[in-house]
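Notes for the one structure printed next.
Naming convention: chains lettered A, B, ... in sequence-line order (proteins, then strands); numbering from 1 in each chain.
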Amino acid sequence: MTPARKPKLLLVDDRPENLLALNTILRDEYELVECLSGIEALALVKDHDFTAILLDVQMPTLDGYETARLIRGEKRSELTPILFITAINREDAHERKGYFAGAVDYLFKPIDPEILQAKLRVFAQLERQAQLLKDQAVQAKENEFLREMLKTRDQFLSMASHELKTPITPLSLQLDAFKDLLEQGRLESVPTEKLVRMLVTSRNQVRRLSKTIDELLDVSRFATGTFELKKEDCDLGETISRVTEGFAEQLRSSGVDCSLQIEPGVRGYWDSFRIEQVYINLLTNAIKYGDRKPIEVSVSSQGSYARLSVRDHGIGIELEDRQRIFNRFERAASPKNFSGLGLGLYIANQIADLHGGTISLESERGKGSTFFVNLPLNTEAPSKNESLS
Amino acid sequence: MNCKNILIVEDDSAVSTMMKDVLELHGYNVITAADGAEGIQRLEEIVPEPCVIILDLMMPHTNGWEFLDMQRSHAKLSGVPVVICSAYSESAKSIRPHAFVPKPVEYKALLGAVQAFCA
């Protein structure tokens, strides 16, 4: 709600003695802005919100009616109530009233203070009601925003619990099946490779669970500002090569070729574990959305920044999705078609940001995407106890 | 060993692989499909027709509901019993499957549902 204040009036009269008379009547209840001509009045309505305008009709150059017409033409004052002050007869004033949109009234000289006060009170009341409606509209918009936030959070919680629940099916089936085989003495009749395959599936499910939990913890750390970087001297090319090697099996089984182009000696003071995490997220996405086409990874230095780029030739990302995918719980692809929580890029972006770096993206629909990670090349280690960026 | 065919329609490969492995330990021959459309395709190919279909509901491309619509209106295949396997018990029951196994899937529940149709 807007705090209560005195209603503000604009007084327009070419005679200072008339302004003084109005001032005497109104100054206790109103904040007054005074001027001597229509031209000045026009400038003032551009800069202030007035509860009402008291306008002398008989003025040289720009008379009251002409001034009123121009005031109505200004966006800010198009609806401000206007009270004409006139010495001419009632009928003419009444007729003129019809030319103007919105609240218009008139007052005859000599001015009766009580009538003036009564008319202005109506205008002030109108303004209060309008403000009330405006406040309610703002409140309604805020409520709508909060409802949307709650909805997003609820959808995320439902997705997160689904993601945590799914691996339990294979794990629990495998444990009970092995127990059953042992109890019936049939374990040895089952080919070892089948048993190993079942164990590997389970092992992967434990990894999957652990990854989901790590992501959820990271998100909560970002939200509470407790995500800490453990920076150390780090060779980007070595880190990227090592992680890519670890992905050899997954790349082979997905039938994806991944080529590396590494500029040697690109070093910085970064959290190497978190840089690995950023790269793993980008590489995993490239495999997932890359349509089994080759992936190109490069490490180079560009001015004062180290640059890692991961390029795929897959489905690409629509222009309108390119900012959104870095938000929490968002991804470009429909959740119906791809599993996962949609947290990878959000986390990668936050990590780059905490390093003083950025992630950017170039993409074309159907031709693939290239993600660029830019990290500052400040090779000198800051003072020892600075672990939080 | 009974060597009966079972069709599993499930998008999560870890879930379908493990169900397949477990049912194979009990002598069933298991075919898997990753979405509804692939499920119908497999269903048309399998000879003899499966004794039961284990069907997930939430799947990409063509989901479990769409699979059911296609299967139920299929002259030759509409008779194959369907066990819905889903975390969403309400929506699963509303489509009146022959049986329902909630997720996460329990070993005994899965075997029980299969044995009811593939004795």
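- For the atom pair CG (L171(A)) and CE (M18(B)), the distance works out to 7.0 Å, reported to the nearest 0.5 Å.
- Between chain A and the options D35(B), L111(B), D21(B), the largest number of non-hydrogen pairs under 4.5 Å is found for D21(B).
- The nearest pair of heavy atoms linking L173(A) to E106(B) is CD2-C, 4.0 Å.
- The part of L181(A) that comes within reach of chain B is its side chain, from C-beta onward, which places non-hydrogen atoms under 4.5 angstrom from that chain.
- For S189(A), no part lies near chain B; criterion is any non-hydrogen pair under 4.5 Å.
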Item to complete: Mind running side chain to side chain contact (heavy atoms under 4.5 Å, CB included) on M198(A) and V22(B) for me, showing each step along the way?
Response: CA-CA 9 Å; M198(A) 291 173 80; V22(B) 164; 3.9 Å; yes
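- In the displayed structure, K293(A) atom NZ is contacted under 6.0 Å by more than 12 heavy atoms of other residues, nucleotides or ligands.
- Closest approach of P104(B) to T169(A), counting heavy atoms only: CA-OG1, 3.1 Å.
- Around the CD atom of E188(A), the shell of radius 6.0 Å holds no more than 12 heavy atoms that belong to other residues, nucleotides or ligands.
- Nearest heavy atom pair, residue A14(B) against residue P170(A), reads O-CB, 3.8 Å.
- Using a 4.5 Å heavy-atom threshold, the side chains of M58(B) and H162(A) count as separate.
- Within 6.0 Å of the CD atom in Q155(A), the count of heavy atoms belonging to other residues, nucleotides or ligands exceeds 12.
- Residue-environment remark: CD (E193(A)) stays at or below the threshold of 12 foreign heavy atoms within 6.0 Å.
- The local environment of NZ in K179(A) is sparse, with at most 12 non-hydrogen atoms from other residues, nucleotides or ligands closer than 6.0 Å.
- Your options are D180(A), V190(A), N204(A), and the one with the most heavy-atom pairs under 4.5 Å with chain B is D180(A).
- For R365(A), the CZ atom counts as loosely surrounded, since its 6.0 Å shell holds 12 or fewer non-hydrogen atoms of other residues, nucleotides or ligands.
- In this structure, R292(A) places its CZ atom where only 12 or fewer heavy-atom neighbours from other residues, nucleotides or ligands lie under 6.0 Å away.
- When heavy atoms are compared at a cutoff of 4.5 Å, Q174(A) approaches chain B by way of both its backbone and its side chain.
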